Colleague: 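One structure, as C-alpha cells, below. Some questions next.
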Amino acid sequence: MEKVDILGVEFDYVTQQEILNILHQKIERNKKAFVVTANPEIVMHANKDPQYMNTLHFANHIIADGIGIIIGSKIIRQPLPERVAGFDLMVELLNIANQEGLRVFFLGAKEQTLEQMIPKIKREYPKLVIAGYHHGFFKGHEHTIVQMVKEAKADLVFVALGFPKQEEWIQKNIDSFEKGIFMGIGGSFDILAGTAKRAPVFWRKLNIEWLHRLIQQPSRWRRMLALPIFVKKIFQHKRKNSR
Ligand code: UDP
C-alpha cells in the first residue's frame with residue numbers, strides 16, 4: 001500500500017471507504033490489525049518520544065485524522081486523499097458489525113461513560129454482539145484486562161485510553177490475541193455516550209472541528225499549540241530536504 005511519510009510517521013494513502021474495505025476484508029479473513037488514527041499532536045509527540053515513534057512503527061495502518069495532517073501532506077506535495085476522522089471510521093465499523101453480527105469489545109473511558117454508552121450501543125446496533133467492555137482506569141489489573149479481551153475473541157476492539165496510552169497498550173498486548181482489529185480512538189466513547197459533543201456538520205465541513213473542541217474544552221489550548229508547531233516543522237523539514 002502507498003504510504004506518505006509525515007515527519008517520520010507513515011500514513012496510508014486511503015479514503016475512508018478504502019480503509020473501511022481493507023479492514024472489512026481483514027475481519028472476514030480473521031486477520032489482526034493495529035490501526036492508529038493520528039493527528040498532528042500524535043505526530044509531534046512521536047517526534048519527541050522515540051519509544052512512541054517505535055510503537056507507531058508497529059501499526060499496520062496509520063490514518064490521517066485531522067485537517068492538519070492533510071495540510072502537512074500538501075506542503076510536502078504528497079497530498080493525502082482525505083481526512084478520515086477516527087470517530088467516523090469507528091461508526092462505520094459499528095455499522096458493519098451490526099449488519100454482520102460481529103463481536104465488539106470496548107475498552108476505555110470512565111465507568112459512568114460506559115454505563116451511558118453501552119445501552120445506546122445496544123439500542124442503535126442491536127445485532128452487534130458486545131463481546132465485552134471495561135473502563136480505562138485499570139492500573140494494577142493489566143493482566144486481568146488482557147485476559148478479558150483474549151477470552152472475548154472480538155472482531156473489533158476499540159481502545160479509548162487517549163494517546164499515547166492506547167497505542168502503547170495495543171502494541172504491548174496484540175500478540176496475546178488471536179484476531180481482531182485494534183484501534184485507538186481517544187475520546188470517542190464520550191461522544192457515543194453523549195457526555196461530549198462533536199462539532200455540527202457545518203463546522204466539520206469548514207474543517208474547524210478543532211475550534212469547536214477548543215471552545216468546549218478551553219483547557220486544551222496548550223495541546224492545540226502542537227498544530228502551528230507541526231506546520232512549522234514540516235516547512236523546516238521540506239527546506240532541509242530540498243537543499
Ligand atoms: N482515559 C482512560 N484511561 C486513562 C486516561 C484516559 O480511559 O488512563 C480516557 C478518558 O476517559 C477519555 C479518553 O481516554 O475518554 C481520552 O480522551 P481525549 O479526548 O483526551 O483523547 P484524544 O482524543 O486527545 O486522544
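Read the numbers this way: they start at 1 and go in the same order the structure lists the ligands and their atoms. Please read these numbers as outputs of a predicted model, since none were measured by experiment.
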Colleague: Just checking, any donor-acceptor pair under 3.5 angstrom between side chains of Asn21 and Gln25?
Modeller: no

Colleague: Would you check whether His134 reaches within less than 4.0 Å of ligand 1, judged by its heavy atoms?
Modeller: no

Colleague: Select one of side chain, backbone, both or neither to describe which atoms of Arg213 lie under 4.0 Å from any atom of ligand 1, heavy atoms only.
Modeller: side chain

Colleague: Return the residue, atom name and 0.1 Å-rounded distance of the protein heavy atom closest to atom 15 (O) of ligand 1.
Modeller: Asp190 OD2, 2.5 Å

Colleague: Could you check which of Gly187, Ala109, Gly86 puts a non-hydrogen atom nearest to atom 7 (O) of ligand 1?
Modeller: Ala109

Colleague: Quick one: which ligand 1 atoms are inside 4.0 Å of a heavy atom on Lys110?
Modeller: 11 (O)

Colleague: Examine ligand 1 and decide if any of its atoms is less than 4.0 Å from a heavy atom belonging to Glu41.
Modeller: no

Colleague: Can you confirm, on distance only, whether ligand 1 has an N/O atom lying under 3.5 Å from any N/O atom belonging to Phe137?
Modeller: no

Colleague: Is it the case that over 12 heavy atoms from other parts of the model lie below 6.0 angstrom from the OH atom of Tyr125?
Modeller: yes

Colleague: Would a distance-only check, ignoring hydrogens and angles, find a side-chain to backbone donor-acceptor pair under 3.5 Å from Asp12 to Ile19?
Modeller: no

Colleague: Under a plain distance cut-off of 3.5 Å, with no hydrogens placed, do Gln171 and Thr55 share a side-chain donor-acceptor pair?
Modeller: yes

Colleague: What closest approach, in Å, do Leu114 and His135 show between heavy atoms, and which atom pair accounts for it?
Modeller: CD1-N, 3.4 Å

Colleague: Give a yes or no on whether the backbone of Ala152 and the side-chain of Arg103 come within a donor-acceptor separation of less than 3.5 Å.
Modeller: yes

Colleague: Would you indicate whether Lys110, at its atom NZ, is surrounded by more than 12 heavy atoms from other residues, nucleotides or ligands within a distance under 6.0 Å?
Modeller: no

Colleague: Using a 4.0 Å cut-off to any heavy atom of Arg220, which atoms of ligand 1 qualify?
Modeller: 19 (O), 24 (O)

Colleague: Of all the heavy atoms in Glu167, does at least one lie under 4.0 Å from an atom in ligand 1?
Modeller: no

Colleague: Among all protein heavy atoms, pick the one closest to atom 20 (O) of ligand 1 and tell me residue, atom and distance.
Modeller: Arg223 NH1, 3.5 Å

Colleague: Can you tell me which residue and heavy atom of the protein come closest to atom 13 (C) of ligand 1, and the distance to 0.1 Å?
Modeller: Gly186 O, 3.5 Å

Colleague: Of the backbone atoms (N, CA, C, O) and the side-chain heavy atoms from C-beta on, which set of Ala160 has a member under 4.0 Å from an atom of ligand 1: side chain, backbone, both, or neither?
Modeller: backbone

Colleague: Between Gly108, Gly162, Gly136, which one has a non-hydrogen atom sitting closest to atom 16 (C) of ligand 1?
Modeller: Gly162

Colleague: Suppose I only count heavy atoms of Lys165 and a 4.0 Å limit; which atoms of ligand 1 are within that range?
Modeller: 4 (C), 5 (C), 8 (O)

Colleague: Just jot down the ligand 1 atoms closer than 4.0 angstrom to any heavy atom of Phe163, in number order.
Modeller: 25 (O)

Colleague: Please work out, at 4.0 Å between heavy atoms, whether the side chain, the backbone, both, or neither of His135 comes within that distance of ligand 1.
Modeller: neither

Colleague: Where is the tightest heavy-atom contact between Ser73 and Leu80, given as atom of each residue plus distance?
Modeller: OG-N, 2.9 Å

Colleague: If you take the centroid of each ring, where Trp contributes its six-membered ring, are Phe189 and Phe106 closer together than 6.0 Å?
Modeller: yes

Colleague: Where on Leu161 is there a heavy atom closer than 4.0 Å to ligand 1, on the side chain, on the backbone, on both, or on neither?
Modeller: both

Colleague: Looking at CD of Glu41 and CZ of Phe163, how far apart are the two atoms once the value is rounded to the nearest 0.5 Å?
Modeller: 4.0 Å

Colleague: Could you check whether Arg198 pairs with Asp88 (Lys NZ or Arg NE/NH1/NH2 to Asp/Glu carboxylate O, under 4.0 Å)?
Modeller: yes

